[in-house]
Amino acid sequence: MAKRVAVVLAGCGVFDGSEVHEASAVLVHLSREGAQAEVYAPNIPQMHVVDHVKGQPTPEQRNVLVESARIARGNIKDLATLDVKGLDALIIPGGFGVAKNLSTWATQGKNCSISKEVEGVLRAFHAAHKPIGLCCISPVLAAKIFPGCEVTVGHDTECEQWPYAKTAEAMKELGCRHVNSQVTEVHVDARNRLVTTSAFMCNAPIHHIHDGIGKMVREVLRLA
């Protein structure tokens with residue numbers, strides 16, 4: 001039987017939703033490994049809509065589920081309907097939507113709150129000892145919910161290659177252990193069954209990000 005993996009999206013577009021290349025890489029690698037992806041998103045308004053040409057918010061209003069459906073080619077379900085019993089693993093790609101629509105990390109950092117639906121799903125997979133894959137900014141969700149967990153968002157020293165390294169410091173303040181890693185590497189927290197990789201937290205060639213996500217997917221499936 002093919003392993004069934006829930007993929008939770010946060011909209012469509014790096015600055016206000018899911019990072020499209022990361023979401024696509026997750027789906028490609030799941031397909032390559034013979035797994036069945038089931039895509040979900042919360043049926044909620046986006047925090048805001050960003051013009052990706054100008055990099056600035058617009059007056060528009062959009063829905064996270066409707067926008068995520070663009071990536072899923074319409075084959076998507078409301079996150080409220082997710083049943084962990086029929087699924088083998090969970091993967092959440094990155095993008096600012098994780099920090100804006102799935103949580104309030106973008107505005108509150110370590111003092112953020114996590115969407116009740118998203119937190120419920122993460123806790124359900126964790127309680128069932130089913131693996132969770134997180135990339136880019138999405139490991140902050142685990143850092144907030146699972147004290148003492150081990151994750152990576154790349155490096156903890158800010159530089160041109162790692163412009164978001166302060167995220168690692170904030171995660172440490174939440175009590176988790178951050179493990180420095182390269183963009184093509186993953187970190188596996190065997191106790192919590194968490195697999196994390198930095199993806200676009202790093203200024204790296206897109207194929208390196210794709211490769212790191214591939215390793216994350218394979219480790220998630222190995223643990224499933």
Review point. Does R70 pair with E67 as a salt bridge, N-O distance under 4.0 Å?
Key: yes
Check your understanding: Quick one: which of I137, L122, I132 gives a side-chain contact (heavy atoms from CB on, under 4.5 Å) with I92?
Key -> L122
Review point. Can you name the one residue among T196, V217, V186, I213 that meets side-chain contact (heavy atoms from CB on, under 4.5 Å) with C135?
Key: I213
Which pair of heavy atoms, one from [X] and one from [Y], lies closest together, and at what distance?
| X | Y | value |
| --- | --- | --- |
| H208 | T184 | O-CG2, 3.7 Å |
| L174 | K110 | CD2-O, 3.4 Å |
| T197 | E185 | OG1-O, 2.7 Å |
| K100 | F15 | NZ-O, 2.6 Å |
| N101 | M47 | OD1-N, 2.8 Å |
| W162 | T157 | CB-O, 4.0 Å |

Check your understanding: Going through the distances and angles, do L141 and V118 end up as a side chain to side chain contact (heavy atoms under 4.5 Å, CB included)?
Key -> CA-CA 9 Å; L141 302 175; V118 173; 4.3 Å; yes
If we ignore hydrogens and angles and just use 3.5 Å, is the side chain of [X] paired with the main-chain N or O of [Y] as donor and acceptor?
| X | Y | result |
| --- | --- | --- |
| E117 | P42 | no |
| N203 | P163 | no |
| D189 | C149 | no |
| D78 | T81 | no |
| T104 | S113 | yes |
| K130 | V84 | yes |

Point to revise | K172 atom NZ, neighbour heavy-atom count above 12 within 6.0 Å | key: yes
Check your understanding: Are there more than 12 heavy atoms of other residues, nucleotides or ligands under 6.0 Å from atom CG of D83?
Key -> yes
Exercise for review: Please work out which of the three classes, parallel, tilted or perpendicular, describes the rings of F96 and Y164, given edges at 30° and 60°.
Suggested key: perpendicular
Point to revise | Single-linkage hydrophobic cluster M216~V188, side-chain heavy atoms < 4.5 angstrom | key: yes
Check your understanding: Can M201 be reached from L102 by stepping across I, L, V, M, F, W or Y side chains whose heavy atoms are under 4.5 Å apart?
Key -> yes
Review point. How about H29 and H210: are their ring centres within less than 6.0 Å of each other?
Key: yes
Check your understanding: So which pairs with a foot in residues 121-153 pass ring pair (Phe, Tyr, Trp, His ring centres under 6.0 Å), sequence neighbours left out?
Key -> H126-F146
Exercise for review: Give the C-alpha distance, both sets of side-chain angles, the deciding distance and a yes or no for side chain to side chain contact (heavy atoms under 4.5 Å, CB included) between I71 and V20.
Suggested key: CA-CA 7 Å; I71 297 173; V20 176; 4.2 Å; yes
